[in-house]
Amino acid sequence: MTSTAPRQTTAFPTTDLFLIAGPCQLEDDALNLRVGEHLARLSERVPGGIVYKASFDKANRSNPGATRGLGLDRGLAALDRVRAATGLRILTDVHLPEQCAAAATVVDVLQIPAFLCRQTDLLEAAGATGKPVNVKKGQWMHPEGMRGAVAKVRGAGRKGHASELAVTERGTFFGYGDLVVDMRSFARMRSACDCPVIFDGTHSVQQPGRGEDGASGGAREFIPSLVLAAVAAGADGLFLETHPDPDSAPSDGPNMLPLDALDDLIGRVVDVWARVRG
């Protein structure tokens, strides 16, 4: 049975906890919709709603033979089917300026990957669509360094149609086999960027290059503790990649949360949010 989520009025609420979630990359309709329908049901328990996330292209994989995904045209069609079936808002990554306008005809939110957060042409093209934009913080950057990325998106917004914005913390010290999350980052980025700050609880436990044959590894057992700490420290929303069987996923399996573990974690998160913000 198809589950339809209540429609949210904003992608990044400033007063209610929200969640961006979905598989790392698009697969077949059965998998995409299975995750989407689960999230649509769960959205009733998330005050600020859920945005469905999946990538049509994984253009920044470490290994040349890594699975890239469905590509722009097939990927956007697949995302449109998830949107129609679930009622959820849809987010996807864009890697090139010319992808932004096409993606904006289908999805509700554009996301700038961490590696590309200083690419001026890409940021401006995303801002020019007028769609909400989530910019992930580069692993090498300090929180205040995101001020410029946000200014580029805002500056490109159409008059009277400035993009709704959020920035995402996904850990720092990339290159040493682990990422470290500084819980001060949420307050510092919010102050510097004047927009909601999201915590990426799954990429923050990624272990680049430490998986099989040089693929990314991960330590998903630490996702709950980091997520709960981030909410307590002031994160406005969460980003969690999830999959029914992460170990069989085509990318980022070691750092994805099993779908059957998501509901319990979100229940705990909502409780912590209420206690901290109350």
Side-chain angles (χ1 to χ4, degrees), residues 1-13 16-58 67-94 102-111 113 131-132 134 166 168 198 200-203 220 223 227 237-253 255-267 269-270:
M1 179 179 293
T2 299
S3 302
T4 302
R7 194 73 173 154
Q8 303 298 322
T9 58
T10 180
F12 312 126
D16 293 315
L17 175 71
F18 61 93
L19 171 65
I20 298 169
C24 178
Q25 66 173 268
L26 288 161
E27 299 182 37
D28 58 32
D29 278 349
L31 183 283
N32 301 336
L33 292 170
R34 177 179 175 184
V35 175
E37 290 172 0
H38 186 112
L39 295 175
R41 293 189 294 270
L42 179 61
S43 67
E44 297 177 359
R45 298 171 54 190
V46 181
I50 294 178
V51 177
Y52 180 95
K53 176 270 167 188
S55 300
F56 59 80
D57 183 13
K58 302 304 294 183
T67 302
R68 289 281 297 265
L70 299 182
L72 180 64
D73 293 338
R74 290 177 59 212
L76 291 178
L79 288 168
D80 197 33
R81 290 191 288 273
V82 174
R83 191 175 191 267
T86 67
L88 292 169
R89 286 176 178 260
I90 303 294
L91 173 152
T92 198
D93 302 296
V94 285
T105 65
V106 174
V107 306
D108 302 278
V109 185
L110 300 178
Q111 180 167 275
K131 291 284 186 176
N134 178 35
T168 293
I198 298 166
D200 182 343
T202 44
H203 286 101
R220 70 170 73 102
I223 294 171
V227 164
L238 295 173
F239 179 106
L240 295 170
E241 288 189 338
T242 185
H243 193 282
D245 182 13
D247 292 333
S248 68
S251 60
D252 282 3
N255 56 264
M256 274 201 283
L257 188 73
L259 188 62
D260 62 10
L262 182 62
D263 291 29
D264 177 68
L265 177 58
I266 293 304
V269 164
V270 170

Legend entry - salt bridge (Lys or Arg N to Asp or Glu O under 4.0 Å) between R83 and D108, worked out: CA-CA 9 Å; R83 191 175 191 267; D108 302 278; 2.7 Å; yes
Where is the tightest heavy-atom contact between [X] and [Y], given as atom of each residue plus distance?
X    : Y    : value
L72  : A102 : CD2-CB, 4.2 Å
L110 : A103 : CD2-CB, 3.8 Å
G237 : L17  : CA-CD1, 4.2 Å
A85  : L33  : CB-CD2, 3.7 Å
P13  : A11  : CD-O, 3.4 Å
C24  : M256 : N-SD, 3.6 Å

If only atom types and distance count, is the side chain of [X] paired as donor or acceptor with the main-chain N or O of [Y] below 3.5 Å?
X    : Y    : value
T202 : E241 : yes
D57  : G71  : no
T242 : G22  : no

Inset, instruction - Can you sort out the partners of F18 under ring-ring contact (aromatic ring centres under 6.0 Å, His included), two or more places apart, ordered by chain and number? - result: F12
Report the residues that fulfil side chain to side chain contact (heavy atoms under 4.5 Å, CB included) with [X], sequence neighbours left out, ordered by chain and then residue number.
X    : value
D73  : none
S248 : H243, D245
P244 : L31, R34, V35, L259
A104 : T129, K131

Legend entry - side chain to side chain contact (heavy atoms under 4.5 Å, CB included) between D252 and Q25, intermediate numbers included: CA-CA 9 Å; D252 282 3; Q25 66 173 268; over 6 Å; no
Separation of [Y] [atom2] from [X] [atom1] (nearest 0.5 Å):
X    : Y   : atom1 : atom2 : answer
F239 : L19 : CZ    : CG    : 9.5 Å
L42  : I50 : CG    : CD1   : 4.0 Å
L79  : F56 : CG    : CZ    : 8.5 Å
I90  : D80 : CD1   : CG    : 8.5 Å
R81  : L26 : CZ    : CG    : 9.5 Å

Inset, instruction - Using the side chain to side chain contact (heavy atoms under 4.5 Å, CB included) rule, take V269 and V46 through it: C-alpha gap first, then chi angles, then the decisive distance, then the call. - result: CA-CA 9 Å; V269 164; V46 181; over 6 Å; no
Inset, instruction - Compare all side-chain heavy atoms of E27 with those of N32 and state whether any distance is below 4.5 angstrom. - result: yes
Legend entry - Side chain proximity check, I266 to L240, heavy atoms < 4.5 angstrom: yes
Legend entry - Residue from T92, N134, T168 passing side-chain hydrogen bond (donor to acceptor under 3.5 Å, both in side chains) with Q111: N134
Legend entry - Partner of H38 under side-chain hydrogen bond (donor to acceptor under 3.5 Å, both in side chains), chosen from D263, T86, D260: D263
Legend entry - Under the salt bridge (charged side-chain N to carboxylate O under 4.0 Å, His left out) test, residues paired with D200 that sit two or more places apart: K136
